[in-house]
Each structure stands twice: as structure tokens, then as C-alpha cells.
Amino acid sequence: MNDTLVTYELDGNIALIGLNRPDKRNAVSEAVITELRAAVVRAHDEADVAILFGHGNNFCAGLDLAEALKRATGQTPAPRKRKRHTWHEVFDQIERGPIPFVAALQGAVVGGGLELACAAHLRVCDETAFFGLPEGQRGIFVGGGGTVRIQRIVGTTVMTDMMLTGRLLTPAEGMQEHIVRYVAPAGAALQKARELAARIAQNTLETNWKIINVLPRIQDMSHDDGLFVEQLNSAMARPPEVEQRLREFVEGKAAPLKSPTS
Ligand code: 1HE
């Protein structure tokens, strides 16, 4: 552990990205998002798989409510321009980037913490985990992509219940609602995530890229479009003549490009 808000470690070809604000239950401030963005970009460059976890007893207590209060009361001035919401940008980099992310979850996985977890491609929790969307109680609304990601995972009925009543889900309910795929003993979520990441890292980069980038897009398509894109992707191997054409150019044997007027 070090004194940054987000830790980064490279273990072979697996990056470990840790939310590191345990005294505030890893609540997500703008500074956390900035460090998370840097860690994710670095993992894209250096790793084949990444793990997202929280230092301490909780994965993440969601939006930093103290910062939110400052914004709500005008103590933090509103930005002059409308920019893309930083959470949307960074969570999309996780979900739609070049490498798979595994989330290791324990304790509180609530609000924006659940939204962040759901940007990962595979989630494992331990027996201490609980999942919730307390936005209703705080008088706010989900803003980290939850309406898109969480709703697709658990469905409208479950998400509506979680938001209206503030109901917290147990690990068993998390399994039932597809929030997690694995439940480990208390304290063992990160170890389980490392095992899963090591297995995922044995796949080719190309197939992992297709699994995390093609599958979710096809989910958003019609039946016909989905089958068409599946065929394109399953037949995406480069035909042998590509190498020949590239070689011709590199070796100066390709026909020169003609100007439109010649
Ligand atoms: C925080 C936050 C936070 C804790 N922002 N400071 N999220 C929530 O509504 C969840 C709010 N948090 C909690 O309900 C509880 O803290 C927990 C169930 C997560 C953990 O309970 P516990 O008993 O272990 O810790 P605690 O005593 O409540 O909190 C410890 C410290 O962390 C305390 O600060 P301290 O200076 O008094 O020690 C808390 O104030 C601080 N803390 N959570 C700021 N969230 C883009 S839209 C997303 C919308 C949302 O995410 S809404 C959900 C927000």
C-alpha cells in the first residue's frame, strides 16, 4: 500500500488497481477518479488483464457525499462548460477498453461503488459483501452509468426495488441477480480474482478483446445485425494476401497511388 488514492501494481501481465481510501470507505472523489483514469490507462498499456479491488474492509461506498454536498451548496463552483461526466468516461475506458477487468468485492459495494464494479467484466465477492443503491435515501440519482450497466445486469424490476426501498442484497442474492459470478470466503475475494485473472490471461488478447467489446455491442443490436456482426468477427482473421500487399509496399514493389487528375 502507498499514500496514493489509487494503487497500481503489475504482477506479470496482470495489473492490480486498488481504491485506497479505506478511512472514507473508498468513497469516490474527483481526485480518486483522476487517479483511477491514470491507472486504467497504464493497465491498458502494460497488462493483459486487470483487477479492480478496494483496500480495507469495503470495496467502495460510492460517491464522495462530502464533495457532493459542497457542489450542492455552491461551495465548489459549477464548471463553466459542459464536459463528459468523468465517471462515464473512466468507467467506459474500463468496460470498453482493450483488456478484461475482474472486480474483487468485499463489504460495501454501494451506489457509485456498484456502478464501478459493474463496469468490470467479471465480479467476485466474499461473504462480507453487500450491494445497494442508496441514492434514493440521499436524494440523488445514479450517475456513474448504473441506469445502463446495472439495469442490464439485474433487470429493471430488481434495480427499481433496490433504488426505491434501499434494499441491500447479500452475496447469495448478488449471485442470483448476476451481480457476481463467484462468492469466496471472507477475505478471499482478491485471491479468487487473481486466480480468475490468471486463467483469463491464458486466452489470446484478440479473443479477450472480442469477448469484452463485441458481446456487449451485439447485445444492443437486433437479431439480424447481431448475427451479421458475429459473422464478421468470427471471420476476422487477416487473409494471407494482406501480408503480400503490405510487403509489396514496404519493398517498393507496390503500384504508386495515382492523383485523381492523372
Ligand atoms: C464517506 C462515504 C461517502 C463513508 N462519502 N464519506 N453512498 C452512500 O450513501 C453510502 C454512505 N456510506 C455508508 O453508508 C457507510 O459509510 C458504509 C455502510 C459504507 C460503511 O459504514 P461504516 O460504519 O463502516 O463507516 P462509517 O462510520 O459510516 O464511515 C467511515 C468514514 O467514511 C466516515 O468519515 P469520518 O471522517 O467521520 O471518519 C464517513 O463519513 C466516511 N464515508 N461513506 C463520503 N460515500 C455518480 S452518482 C453515484 C451516487 C452514489 O454513489 S450514492 C451512494 C453514496
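Read the numbers this way: they start at 1 and go in the same order the structure lists the ligands and their atoms.
- Classification of Lys192 and Asp126 as a salt-bridged pair fails, no side-chain N sitting under 4.0 Å from a carboxylate O.
- Using a 4.0 Å cut-off between charged side-chain N and carboxylate O, Arg217 and Asp225 make no salt bridge.
- Ion pair Glu243/Arg247 flagged as a salt bridge, since at least one NZ, NE, NH1 or NH2 atom sits closer than 4.0 Å to an Asp/Glu carboxylate oxygen.
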Tabulate distances under 3.5 Å between N/O atoms of ligand 1 and N/O atoms of the protein, writing both atom names on each line.
from: ligand 1; atom 1: 5 (N); to: Leu63; atom 2: O; distance (Å): 3.4
from: ligand 1; atom 1: 5 (N); to: Leu65; atom 2: N; distance (Å): 2.8
from: ligand 1; atom 1: 7 (N); to: Ala61; atom 2: O; distance (Å): 2.7
from: ligand 1; atom 1: 9 (O); to: Arg138; atom 2: NE; distance (Å): 2.5
from: ligand 1; atom 1: 9 (O); to: Arg138; atom 2: NH2; distance (Å): 3.1
from: ligand 1; atom 1: 24 (O); to: Arg25; atom 2: NE; distance (Å): 2.9
from: ligand 1; atom 1: 24 (O); to: Arg25; atom 2: NH2; distance (Å): 3.3
from: ligand 1; atom 1: 25 (O); to: Arg25; atom 2: NE; distance (Å): 3.0
from: ligand 1; atom 1: 25 (O); to: Arg25; atom 2: NH2; distance (Å): 3.2
from: ligand 1; atom 1: 32 (O); to: Asp23; atom 2: O; distance (Å): 3.3
from: ligand 1; atom 1: 34 (O); to: Lys24; atom 2: NZ; distance (Å): 3.4
from: ligand 1; atom 1: 36 (O); to: Lys24; atom 2: NZ; distance (Å): 2.5
from: ligand 1; atom 1: 45 (N); to: Ala61; atom 2: O; distance (Å): 3.2
from: ligand 1; atom 1: 45 (N); to: Leu63; atom 2: O; distance (Å): 2.8
from: ligand 1; atom 1: 51 (O); to: Leu63; atom 2: N; distance (Å): 2.8
from: ligand 1; atom 1: 51 (O); to: Gly112; atom 2: N; distance (Å): 2.7

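- Every residue two or more places apart in sequence or in another chain was checked for a side chain to side chain contact (heavy atoms under 4.5 Å, CB included) with Thr157, and none qualifies.
- Taking Glu67 as the reference, Arg71 meet the salt bridge (charged side-chain N to carboxylate O under 4.0 Å, His left out) condition, with sequence neighbours excluded.
- Looking at residues two or more places apart in sequence or on another chain, you find a side-chain hydrogen bond (donor to acceptor under 3.5 Å, both in side chains) between Asp92 and Arg84, Arg149.
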